[in-house]
Amino acid sequence: MATAPDDTAAAPAPAKQKHLYLVDGSGFIFRAYHRLPPLNNPAGTPVNAVYGFTAMLWKLIEDLHGAEEPTHLAVIFDAAKDNFRNELYADYKANRPPPPEDLLPQFPLIRDAVRAFSVPCIEMSGFEADDIIACYVAQATAAGYNVTIVSSDKDLMQLVTPHVDMLDTMKNERYGVEAVTAKWGVPPEKLGEVLALMGDSVDNVPGVPGVGPKTAAELVQQFGDVEGVLANLDQIKKPKLRENLEAHAEMARLSRVLVELKCDLDPPHTLGELVMRDPPHDPLRAFLAEQGFKSMLAKLGRESQAAEVAAQPDEPEKPFVHAEYETVITLDRLDWWLAEARARGVVAIDTETTAKDPVRCDLVGVSLALDAGLACYIPVAHVQGEGLLAEKVDQLAWQDVKEKLGPLLVDPAVLKVGQNLKYDLVVLKRHGLDLAGFDDTMLLSYALSAGKHNHGMDELSEKYLGHTPIPFKEVCGTGKSQCTFDQVPLKRATDYAAEDADVTLRLHRLFRPRLSAEQVTRTYETVDKPLLPVLADMELEGIKVDREALARLSATFGTEIAALETEVHDLAGGPFTIGSPKQLGEVLFERMQLSGGKKSGKSGQYATDVNELEKLAGQGHVIAQKVLDWRQLTKLKSTYTDALQAAINPKTGRVHTCFSMAVAQTGRLSSTDPNLQNIPIRTEIGRQIRHAFVAKPGHVILAADYNQIELRLAAHMADVPELKRAYANNEDIHALTAREVFGTEMDPQESRRRAKTVNFAILYGISAFGLANRLGLDRGEAQRIIDAYFARFPGIRNFMAETINGCRETGFVTTLFGRRTNLPLIHSKNPAERQFAERAAVNAPVQGTSADIIKRAMIRMPLALAEAGLTGVRMLLQVHDELVFEVPERDVEAATPVIRSVMESAHRPAVELSVPLGVEIGTGPSWGAAH
DNA sequence: TGCGTCACG
DNA sequence: GACGTACGTGACGCAG
């Protein structure tokens, strides 16, 4: 075979795939301008858009260096002149206002910025950036390049092909052919037809009235293009639509021409001139200095230093590079990966499934990562192709993978690292596997940074690795056209799945060493990590729900809602949407002229919340009470009686919630899909829903509540002798508070009710205004109550002050077990934000300590029950201070003291409390009956 | 998607 | 005295 001279040379590197990035500069400018407040350079010129643009371009270049390795880059601008489209249609872009005055002088500076980065800056008089981009796309594609268009302009999506994608840097989303098709319902090459039919009010492309994206897509799907639609008007069923198409046929044709991108121009730079090079620092430094961009100058300084010192091996921001990820389809290769994992002792793991719900989905594949950039994907249940493109999917059988993977998963000598491992654990358990010896990067992040940011993988990757993982929706699409992961081709699935494991492993390397250095190891190791498998079991177990009972409630609520609706409409003198706060406000305060309507500042709407409506009801306005009743019933029906029926898992007949471990800032759990931590109990009518949560045959529901745990913890933490003594003697704490604060003159019941409110207010960080509101007093009276409280219990005031001071020094507060809540806003210049952080600072240690205690109880519970021989008892739910169990009838007596003892001593031995913890236990055929 | 509302601790 | 007004959650319907 004849070889080209290059191939025989000493460095036989294969020609790198060329990849051209085209930045839609105008889009960048407007987003930068609108995102930033006014800002001037030392010369007094406004530069907010310049600054934003420079920052965005810099970030883009950095990101690209890290991930995509582009070879060519250019920024394209609109030339500030009329273009050929105005000749076709004088009103084209007529709706667009002229650029704001303080943006005008920034345009040339922005072009300077581009040049300072040594990036070509391209524009052509008479043409829009879109056309120039289209031309380069055509040229580059013909030359075998890949192309990425950096823009969020939907018109440019027309250009997407298998070799051309779009990148929206604001949303951090990439759009390939599938994503565009998913978004618009038609492939990119048909997008022009859709855009023409729907028109664009911003660009003033007329389109056809009454045709939006959905209708346009349907028409194009059916008839192929605009001409096809116009030629087949007789087939269009909807009369109004046909009429509009008929009447606006010419506008549709014109629109088609307007949205067409011109790709036969001869742009000023050749492709070769767009080649990307490392920007020399000097021109960039000069530009930044001239504009007074100090933080960027500092960053540039750091970078040149780093470059001189030669890259440190452990440089945290090293780019996210990786070899091609391997798709494992032979047992030999699987053996290699598993042996290597054993040898290294650490492996990141991630499971891919057919759905988000770990209790309903099926396992599709598993990915592993051994080292940064070294990861693989093991497909086990991808579906075979269909039709002409049928391609047999070559993959291992799950049984074989399971036999080899299983022992590794339970071998504590090999650390398994995952992100949100509870999900994987639930899936694996359903497929017959267990897990021991693991770290969860989501929980590590939560231990280190609760309060600073969220802990999802994409966000962590972005923040700590400077890398945006392939978005899930780019692999599977969204909405109606979303496919399941088992339908994704193996190459694509591998890129996505292996990357997740790779990211997880890299995050673990960053987080794990920080844990002990930052002294947050304890709750991670002794609370959250061991709780994870306990929660997995609870989620798998689920709770039985009486579907018929819910259906009956739904029906009853339905008729009552209908009746109330009629009454409300009659009282209002005509129909309106009761559920629309806007319409309701207008009906009450304008049409009906009720007094007291006040508009909220932000939305300019009348307030119609419970407080307002109760005021009106108190004044004798019947409609207000009817609306309140209507609201209560619709809430109960839609959120509970309807939704819970839909949440019943058809396979298990039970409802399986998901407990989130890294959402609440304080250490609490949260519950979703469905939320079983907010099932009604406070009103009798809502309480009926609790009665639909039932035990399976031969069992009862047992509910165990900590009695006033937060107030007890406050008494301990703030060291209030009177309160501690009262709890030790099992006294009524609210009655005590009432005596101390209000004396004995008031009616004891009313006095106790108020004292209870005051006690809650204390836990939440009191203000005279808030307390006055709750108690219906004026501020002066509320302030006197607070003063009296602090006078009687000075420990509370000291505790609050010390907690806030400590938080100011460190930026965080801690629970008795060392859990940390970060409150960066404690230093905010905005007093409202700062005070908010101060109240949270007072509350978080108390709420968080309570969360730690019940979590510790949950961790011990399974073993304690097993040791007592109570193997049939199941812990089902946690509701912050309550645990819900399903207990065989004959075990109730034996289980009760075990559960009580575990819960009441859960703080020990780590922490000793100066107040006892009290637990109240009830049982019954349903959750409602157990209280 | 953001907002208003309301369910829970 | 400015700020906005009790802490922590999740789900639903409306409207743009």
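In this text, all values refer to a predicted model and were calculated from it rather than measured experimentally. Proteins get letters first, then strands, A, B, ... in listed order; numbering begins at 1 in each.
- None of A:Lys582, A:Glu590, A:Glu586 except one satisfies the side chain to side chain donor-acceptor pair (under 3.5 Å) rule with A:Tyr606; the exception is A:Glu590.
- Remark: the separation of the C1' atoms in B:dC6 and C:dC3 is 27 Å, to the nearest Å.
- Taking A:Arg839 as the reference, nothing meets the side-chain hydrogen bond (donor to acceptor under 3.5 Å, both in side chains) condition, with sequence neighbours excluded.
- Spacing between atom CG of A:Asn611 and atom C1' of C:dT5 amounts to 13 Å, rounded to whole angstrom units.
- Listed by chain and number, the residues in a side chain to side chain contact (heavy atoms under 4.5 Å, CB included) with A:His880 are A:Arg668, A:Gln677, A:Gln878 (sequence neighbours excluded).
- At a threshold of 4.5 Å between non-hydrogen side-chain atoms, the residues A:Phe790 and A:Met800 count as touching.
- Residue-level contact check: A:Phe760 touches the bases, meaning some heavy atom is under 4.0 Å from a base atom.
- Under the 6.0 Å distance and 45° angle rule, A:Arg779 does not count as a cation-pi partner of A:Phe769.
- Going from atom CG of A:Asn675 over to atom OG1 of A:Thr639 covers 10.0 Å, rounded to the nearest 0.5 Å.
- Within 4.0 Å (heavy atoms only), A:Val663 reaches sugar-phosphate atoms of the nucleic acid but no base atom.
- Side-chain atoms of A:Trp927 and A:Glu882 include a donor-acceptor pair closer than 3.5 Å.
- Listed nucleotides: B:dC8, C:dC14, C:dC7. Nearest to the side chain of A:Ser580: C:dC14.
- What separates CD of A:Gln878 from C1' of B:dG9 is a distance of 10 Å, to the nearest Å.
- Within residues 813-820 of chain A, no residue is approached by DNA chain C to less than 4.0 Å at the level of any non-hydrogen atom.
- The CD1 atom of A:Ile689 sits 12 Å away from the C1' atom of B:dC6 (whole-angstrom rounding).
- Between A:Leu644 atom CG and B:dA7 atom P the separation is 15 Å, expressed in whole Å.
- Within the 4.5 Å cutoff, the side chain of A:Met538 has no heavy atoms near those of the A:Thr657 side chain.
- No hydrogens or angles considered: nothing links the side chains of A:Tyr706 and A:Glu920 as a donor-acceptor pair under 3.5 Å.
- The side-chain hydrogen bond (donor to acceptor under 3.5 Å, both in side chains) check on A:Thr559 picks up nothing, with sequence neighbours excluded.
- Backbone-only engagement by A:Ala643 is indicated by non-hydrogen atom pairs under 4.0 Å involving sugar-phosphate atoms exclusively.
- Within residues 664-685 of chain A, the residues approached by DNA chain B to less than 4.0 Å at the level of any non-hydrogen atom are A:Arg668, A:Gln677, A:Asn678, A:Ile679, A:Pro680, A:Ile681, A:Arg682, in residue-number order.
- With hydrogens and angles left out, the side-chain atoms of A:Thr608 and A:Arg631 include a donor and acceptor closer than 3.5 Å.
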Enumerate, atom names and distances included, each donor-acceptor pair closer than 3.5 Å involving a side-chain atom of residues 840-853 of chain A, sequence neighbours excluded.
from     : atom 1 : to       : atom 2 : distance (Å)
A:Asn843 : OD1    : A:Gln847 : NE2    : 3.2
A:Asn843 : ND2    : A:Leu763 : O      : 3.0
A:Gln847 : OE1    : A:Thr666 : OG1    : 2.7
A:Thr849 : OG1    : A:Leu816 : N      : 3.2
A:Thr849 : OG1    : A:Pro845 : O      : 2.6
A:Asp852 : OD1    : A:Arg819 : NE     : 2.8
A:Asp852 : OD1    : A:Arg819 : NH2    : 2.9
A:Asp852 : OD2    : A:Thr815 : OG1    : 2.7

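- Heavy atoms of A:Arg779 sit under 4.0 angstrom from at least one base atom.
- Taking atom CG on A:Asn830 and atom C1' on C:dA2, their separation rounds to 9 Å, with Å as the unit.
- A:Glu539 pairs with exactly one of A:Arg654, A:Arg360, A:Lys422 by the salt bridge (Lys or Arg N to Asp or Glu O under 4.0 Å) rule, that one being A:Lys422.
- Residue-level contact check: A:Thr757 touches the bases, meaning some heavy atom is under 4.0 Å from a base atom.
- A salt bridge (charged side-chain N to carboxylate O under 4.0 Å, His left out) check over residues 753-773 of chain A, counting only residues at least two apart or in different chains, returns the pairs A:Glu750-A:Arg753, A:Glu750-A:Arg754.
- Looking at residues two or more places apart in sequence or on another chain, you find a side chain to side chain contact (heavy atoms under 4.5 Å, CB included) between A:Ser660 and A:Val663, A:Ser670, A:Thr672.
- Rounding to whole angstrom units, CZ of residue A:Phe659 and C1' of C:dT9 are separated by 13 Å.
- In this structure, CG of A:Asp609 is placed 8 Å from C1' of B:dT5, rounded to the nearest angstrom.
- Distances were taken from every side-chain heavy atom of A:Thr577 (C-beta onward) to each of C:dG4, C:dC14, C:dC7; the shortest belongs to C:dC14.
- A:Asp787 is linked by a salt bridge (charged side-chain N to carboxylate O under 4.0 Å, His left out) to nothing, counting only residues two or more places apart in sequence or in another chain.
- To the nearest angstrom, P of B:dA7 lies 18 Å from CD of A:Glu882.
- To the nearest whole angstrom, the two C1' atoms, one in B:dA7 and one in C:dA2, are 35 Å apart.
- Of the residues in residues 763-776 of chain A, A:Tyr764, A:Gly765, A:Ser767, A:Phe769, A:Arg774 come within less than 4.0 Å of DNA chain C through at least one heavy atom, sorted by number.
- Within the 4.0 angstrom heavy-atom criterion, no nucleotide atom of any strand lies near A:Val842.
- Side-chain contact between A:Thr641 and A:Leu636: absent, with no pair of heavy atoms (C-beta onward) separated by less than 4.5 Å.
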Q | Dot-bracket line, read 5' to 3' along DNA chain C, where crossing pairs take [ ] and | marks a partner on another strand, Watson-Crick or G-U under 3.5 Å | A | ......|||||||||.

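- Note on A:Lys615 versus A:Glu612: salt bridge recorded, some NZ/NE/NH1/NH2 to OD/OE distance being below 4.0 Å.
- With distances taken from any side-chain atom of A:Asn843 to the nucleotides C:dG4, C:dC14, C:dC7, the minimum falls on C:dC7.
- Against DNA chain C, the stretch residues 624-642 of chain A makes heavy-atom approaches under 4.0 Å through A:Lys635, A:Ser638, A:Thr639.
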